[in-house]
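Keep in mind that the numbers below use all heavy atoms, side chains included, and drop hydrogens, waters and symmetry copies. All chains are named by letter (A, B, ...) in the order of the sequence lines, taking the proteins before the strands, and each is independently numbered beginning at 1.
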Protein chains: 2
Amino acid sequence: MKKIGIKDIALRANVSTAIVSYVMNGTRNVKPETKERVLKVIEEFNYRPNAIAQSLKSRRTNTIGVIAEDITVFNTPEIIDGINDYAEQHDMHILLTNLRLQKKVGYNYADTASYQKHAQNAVSDLVSNQVEGIVYIGVHPRDLTGLIHTNDKPIVYTYCYAQNECSIQYNDEQASYDAIQYLVSKGHSRIAVISGLMDSIPSRLRFNGYYKALTEFQLYFDPQFIKVGDWGGESGYQLLGELMELPDPPTAILVMNDLMAAGALRAAAERGISIPRELSVVGFDNREFSAYLNPRITTMDLPLHDMGILAMKTLCNRISGKEETIEEPPLCKLIERDSVAGPRTSIK
Amino acid sequence: MKKIGIKDIALRANVSTAIVSYVMNGTRNVKPETKERVLKVIEEFNYRPNAIAQSLKSRRTNTIGVIAEDITVFNTPEIIDGINDYAEQHDMHILLTNLRLQKKVGYNYADTASYQKHAQNAVSDLVSNQVEGIVYIGVHPRDLTGLIHTNDKPIVYTYCYAQNECSIQYNDEQASYDAIQYLVSKGHSRIAVISGLMDSIPSRLRFNGYYKALTEFQLYFDPQFIKVGDWGGESGYQLLGELMELPDPPTAILVMNDLMAAGALRAAAERGISIPRELSVVGFDNREFSAYLNPRITTMDLPLHDMGILAMKTLCNRISGKEETIEEPPLCKLIERDSVAGPRTSIK
DNA sequence: TGCGCAATGTAAAACGTTTAAATAGGGTGA
DNA sequence: TCACCCTATTTAAACGTTTTACATTGCGCA
């Protein structure tokens, strides 16, 4: 049983293939009664044009490539969801590639050459499949500038940094500033920070926001209040201990991700420090688990879905050669839960 | 600047396009020195053949479609990761569609007609893009049998049920049997269960495993030990209460997902019941958060990655018309953490 | 010398569409 | 009646490959 094509439809409807094409695409006037006839045959045979052939001729595939550094990392599915929404609305398709960086045997972030080869292969593959552009979804810890080239197909980076390229980010600095402002509004003034690794860009930005807020609100500043972790739960556990052993400990802590915050909570529990009564904690990332910890962590939700949409919007603008409209980055949003209260001293 | 094609390469290498094609695909002998020459030109111009044109002519796209009911649900990214691994190893590509069932405005699981239209559109779209087969990733609560037709392209379902179709599942019954066996090995004999909704297939299967183990190990059976929740955290909270107020409460509970287990933990904490000293809990799903709860939950890990691989393997076999080899379903694996100990009475 | 055959190469059709250009068949106005 | 235009339609080229069928060459061998 041969697959039916446009010729078969044309034959049955007693018209040329051109008419069938015009009817389907509405690219030219067709006499209503002919149109009717064609439509009926299409319906009858449940004919769907071969998108491959269409693409070849029209040189438009309506397909964009998505490269995820690791789809199992928490940020990625939400971003893809955003991308998919935009794509669906604009009749585009998504060709997905997962780099799987975290699990690739022998891969480590320092090995730029190996990364580059891997990523470049993915790009070449997508380009050879005639995607019209690429969205790259990272997991942060690396500046990707110049590592990838796409042969002048547009590429938009998100959740990672590519200094001279087009990259979509939420506003880290603003987010951490907002968190401090929130703590201040609750009455805190002795606010510590548990940062991620200091050679990472988000750490620096979030620290900027922290420092800026401290200055602006004229809060107590103590270098001993600045602890640098490694993003892992253990370091949160460790550093909370150090902080609370200070002769005059903070009443609130901004922790730069929920993983470290979870560790900090465990440390607090072991030391009999009640959160939020004796100590307030604000996390970052709004990870799924943070709503199930005890207490449920107040944390910064990342606008991942919006970033996906914005990335697609930007990409599609560049594909159609439109003016680069500079959009505001999407904002993080504080999720108020149970790990923040007023400072102890303010309670009667 | 015109995109260079096979003709340009042929011209520069002073051969016909056929030779270039033969060199690239190794489909015929080419004199080594000619081959050399062609290869050099290809290299020089960094030529990559247009996969769309290749597909049109060869009628093979090396692309499979993936339909996810909701990519933001925890199971999906891991399954996709498995699919991607297999695809990468076999030089296939993934065209992704996210149905986004949970968030679609107005969508609810009971509305089969609306679901069907939505899903069928996605399928038609993929088929028109000439995918060679489809993997469907569900989120469980529905029998999909007969709702979708693919015009005789093969389709493999996973993480959902489609009774008369080809569907890949882990062994729910075995998993829950194993969990009970584990509790027995720790000395428990009074084991309750908090089930999911009873009209759901996994609930039934997991209950089978529970009941089978109870019978086989000749454990105490009490209908009051069977509680039916709705998969949500609140119901876990509620039902743990009911269980512990029984005159003679269980010493261990099998909870059919980690969400309800989290609720149960909270209820236990409020009642001053120490886990695992006074009560053991085994969860299901190995959700990310379950490693961060207090205590960290012992739970059943689902072989999601393997299911993705197996789904692809099955699909590709069907694509190439190979014998349907019936493979064993991948198995769940108990992740031992801190929510299980021996029953209280066995402690001196 | 002539023949068959292997090795190497080329020309051109084909894949299923879109679309520019050509054509047919009427009106219309002068 | 003719020149012109408009609409509806068809013809056929093109998109960038693969692949079939055929052509050429050179070699071994009777």
Side-chain angles (χ1 to χ4, degrees), chain A residues 1-39 41-42 45-63 91 93 125 127-132 151, chain B residues 1-39 41-42 45-63 91 93 125 127-132 151:
Chain A
M1 167 185 125
K2 204 182 129 285
K3 187 90 172 96
I4 64 157
I6 199 173
K7 283 190 206 151
D8 305 281
I9 301 301
L11 195 67
R12 260 75 168 189
N14 211 22
V15 292
S16 71
T17 61
I19 289 295
V20 180
S21 173
Y22 293 141
V23 167
M24 289 191 301
N25 304 316
T27 39
R28 207 131 123 186
N29 266 352
V30 173
K31 190 158 61 165
E33 96 190 32
T34 318
K35 188 170 177 175
E36 196 64 26
R37 190 152 32 95
V38 171
L39 250 19
V41 179
I42 288 180
F45 287 82
N46 189 29
Y47 165 68
R48 294 276 172 279
N50 180 326
I52 295 289
Q54 289 181 311
S55 295
L56 180 60
K57 179 58 192 166
S58 67
R59 310 163 130 285
R60 298 217 55 213
T61 57
N62 288 325
T63 300
D91 265 311
H93 300 104
D125 213 43
V127 170
S128 143
N129 275 274
Q130 312 300 116
V131 298
E132 302 186 7
N151 226 29
Chain B
M1 168 184 126
K2 203 181 131 285
K3 187 90 174 94
I4 63 157
I6 198 173
K7 283 190 206 152
D8 306 280
I9 301 301
L11 195 67
R12 259 74 169 191
N14 210 22
V15 292
S16 70
T17 62
I19 290 295
V20 180
S21 173
Y22 293 142
V23 167
M24 288 191 302
N25 304 315
T27 39
R28 209 150 110 181
N29 267 351
V30 173
K31 191 157 61 166
E33 95 190 35
T34 320
K35 186 169 177 174
E36 196 66 24
R37 189 151 33 96
V38 171
L39 250 19
V41 179
I42 288 179
F45 287 82
N46 189 30
Y47 165 68
R48 294 277 171 279
N50 179 327
I52 295 288
Q54 289 182 312
S55 295
L56 180 59
K57 178 60 191 166
S58 67
R59 308 162 128 286
R60 300 217 54 214
T61 57
N62 288 324
T63 300
D91 264 311
H93 300 104
D125 212 42
V127 170
S128 144
N129 276 272
Q130 311 300 116
V131 298
E132 302 186 6
N151 226 29

Sequence neighbours excluded, the answer for side chain to side chain donor-acceptor pair (under 3.5 Å) partners of E132(A) is R60(A)

Residue set satisfying side chain to side chain donor-acceptor pair (under 3.5 Å) with N50(B), at least two apart, ordered chain then number -> none

Where is the tightest heavy-atom contact between [X] and [Y], given as atom of each residue plus distance?
X: N62(B); Y: D91(B); answer: CB-O, 3.7 Å
X: S55(B); Y: I52(A); answer: CB-CG2, 4.1 Å
X: T61(B); Y: V131(B); answer: OG1-CA, 4.2 Å
X: S128(B); Y: P49(A); answer: OG-O, 3.4 Å

Heavy-atom contacts, protein to nucleotides 20-28 of chain C, under 4.0 Å, summarised as B (base), S (sugar-phosphate only) or - (none) per nt, yield BBB------

| message | Of all nucleotides in DNA chain D that come within under 4.0 Å of a heavy atom of chain B, which is furthest toward the 5' end and which toward the 3' end? | response |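 In short, chain B contacts DNA chain D from dG16(D) to dA21(D).
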
K57(A) meets the side-chain contact (heavy atoms from CB on, under 4.5 Å) criterion, sequence neighbours left out, with none

ask   = Starting at the 5' end of DNA chain C, which residue's closest nucleotide do you reach first, V15(B) or K57(B)?
value =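 Final value for this comparison: V15(B).
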
When the distance from [atom1] of [X] to [atom2] of [N] is rounded to whole Å, what number comes out?
X: I6(A); N: dA14(C); atom1: CD1; atom2: P; result: 18 Å
X: L56(A); N: dT19(C); atom1: CG; atom2: P; result: 12 Å
X: I19(B); N: dA12(C); atom1: CD1; atom2: P; result: 16 Å

Next on the checklist: With a cut-off of less than 4.0 Å, is there a side-chain N or O of N29(B) near OP1 or OP2 of dA6(C)?
Outcome noted: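 Looking at the OP1 and OP2 atoms of dA6(C), neither is under 4.0 Å from any side-chain N or O of N29(B).
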
Exercise answer: donor-acceptor pairs, residues 8-20 of chain A side-chain atoms, under 3.5 Å, sequence neighbours excluded:
from: D8(A); atom 1: OD2; to: G5(A); atom 2: N; distance (Å): 2.6
from: S16(A); atom 1: OG; to: A18(A); atom 2: N; distance (Å): 3.4

Heavy-atom nearest nucleotide on DNA chain D taken for T17(A) and for T34(A); more 5' hit belongs to T34(A)

